[in-house]
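Below: one structure, written as C-alpha cells.
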Amino acid sequence: MEKGCLFCQISHGETSTELLFENDTLVVFKDIHPAAPVHLLIVPKQHIRSINDLQDADRPILAEMLLVARDMAAQSGVATSGYRLFVNVERGGGQVIFHLHLHLIGGWK
Ligand code: AMP
Ligand code: ZN
C-alpha cells in the first residue's frame, strides 16, 4: 500500500466505498463522477502508479482487469449494447489518481 493513496485505501476496504466486485487481485466500484450511465473503475489492489510503471510480472493483473471488465459489463447490462474501456496515463493523458485503474463506461441510449 502507498501511504495517502486513495485507491489503495478503497481497494483494501479502508473507506465506505461500496465494492461491486472483489477478488485477490482487484476491486470494482462506481466512479464518483460518472461520465456515462454506467461508469465503473477496475482497480488492482497492488499499487502501480500508471501503465508506465508496469513490470513484465504484472501481466496476470492486466489480464484479470480485462476479464473482470468483460464480466462487469455483462453484469451491468451493457455487454451487448457496447461499452468503452480506457486508461488515462499521467497528467497529459488525463490521469488524476496515480494508482492504475481501468474505466468502463457505457449504457447510453
Ligand atoms: P483518472 O482521471 O483516470 O485518474 O480517473 C480518476 C477517476 O476517479 C475519476 O473519474 C474520478 O471521478 C474518480 N474518483 C475520484 N475519487 C473517487 C472516489 N472516492 N470514489 C470513486 N471514484 C472516484
Ligand atoms: Zn495506490
Side-chain angles (χ1 to χ4, degrees):
M1 265 188 72
E2 181 94 344
K3 210 163 170 275
C5 172
L6 177 62
F7 282 8
C8 277
Q9 290 163 358
I10 292 177
S11 64
H12 287 81
E14 292 180 359
T15 71
S16 58
T17 301
E18 185 195 356
L19 301 179
L20 304 181
F21 177 83
E22 176 174 18
N23 65 18
D24 287 346
T25 307
L26 56 77
V27 298
V28 180
F29 52 91
K30 288 184 181 167
D31 195 292
I32 205 166
H33 298 302
V38 173
H39 189 168
L40 305 182
L41 298 174
I42 294 117
V43 181
K45 290 182 175 179
Q46 185 180 321
H47 181 83
I48 299 166
R49 178 184 164 94
S50 84
I51 289 277
N52 290 341
D53 301 277
L54 281 166
Q55 310 289 314
D56 284 354
D58 297 328
R59 271 170 212 276
I61 297 175
L62 290 176
E64 188 67 16
M65 287 170 77
L66 286 173
L67 290 170
V68 167
R70 173 202 62 189
D71 293 344
M72 293 307 296
Q75 192 179 307
S76 307
V78 300
T80 306
S81 57
Y83 56 97
R84 197 152 77 86
L85 297 174
F86 63 94
V87 179
N88 297 325
V89 183
E90 294 296 338
R91 286 192 175 78
Q95 187 175 8
V96 297
I97 305 274
F98 296 98
H99 176 130
L100 181 66
H101 52 280
L102 178 64
H103 292 256
L104 187 168
I105 60 173
W108 307 278
K109 292 282 177 219

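Heads up: numbering here begins at 1 and tracks the sequence. Values below: all heavy atoms of this structure, side chains included; hydrogens, waters and symmetry mates excluded. When a ligand or atom number is given, it counts from 1 through the structure's own listing order.
Under a 3.5 Å cut-off, the side chain of K30 and the backbone N or O of T17 do not form any donor-acceptor pair. Between the side chain of E22 and the backbone N or O of L20 there is no donor-acceptor pair closer than 3.5 Å. A side-chain donor-acceptor contact under 3.5 Å links Q95 to the backbone of E90.
Remark: T25 OG1 to I61 CD1 distance equals 7.0 Å, nearest 0.5 Å. Between the CG atom in L104 and the CD1 atom in I42 there is a gap of 5.0 Å [rounded to 0.5 Å].
Pocket lining of ligand 1, defined as residues with a non-hydrogen atom under 4.0 Å away: L6, F7, I10, F29, K30, D31, I32, H33, L41, N88, G94, Q95, V96, I97, H101, H103.
Protein N/O/S atoms found under 2.8 Å from the Zn ion (ligand 2), listed by chain and residue number: C5 SG, C8 SG, H47 ND1, H99 ND1.
The ring-ring contact (aromatic ring centres under 6.0 Å, His included) analysis of residues 13-41, with sequence neighbours excluded, yields the pairs F7-F29, H39-H103.
Using a 4.5 Å cut-off between side-chain heavy atoms of Ile, Leu, Val, Met, Phe, Trp and Tyr, with links allowed through other members, V43 and L6 fall into the same hydrophobic cluster.
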Ignoring hydrogens and angles, write down the donor-acceptor pairs under 3.5 Å from the side chains of residues 65-84, residues two or more places apart or on other chains.
residue : atom : partner : partner atom : Å
S76     : OG   : M72     : O            : 2.7
S81     : OG   : V78     : O            : 3.3

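Taking 4.5 Å as the limit, every side-chain heavy atom of I105 sits out of range of all side-chain heavy atoms of V38.
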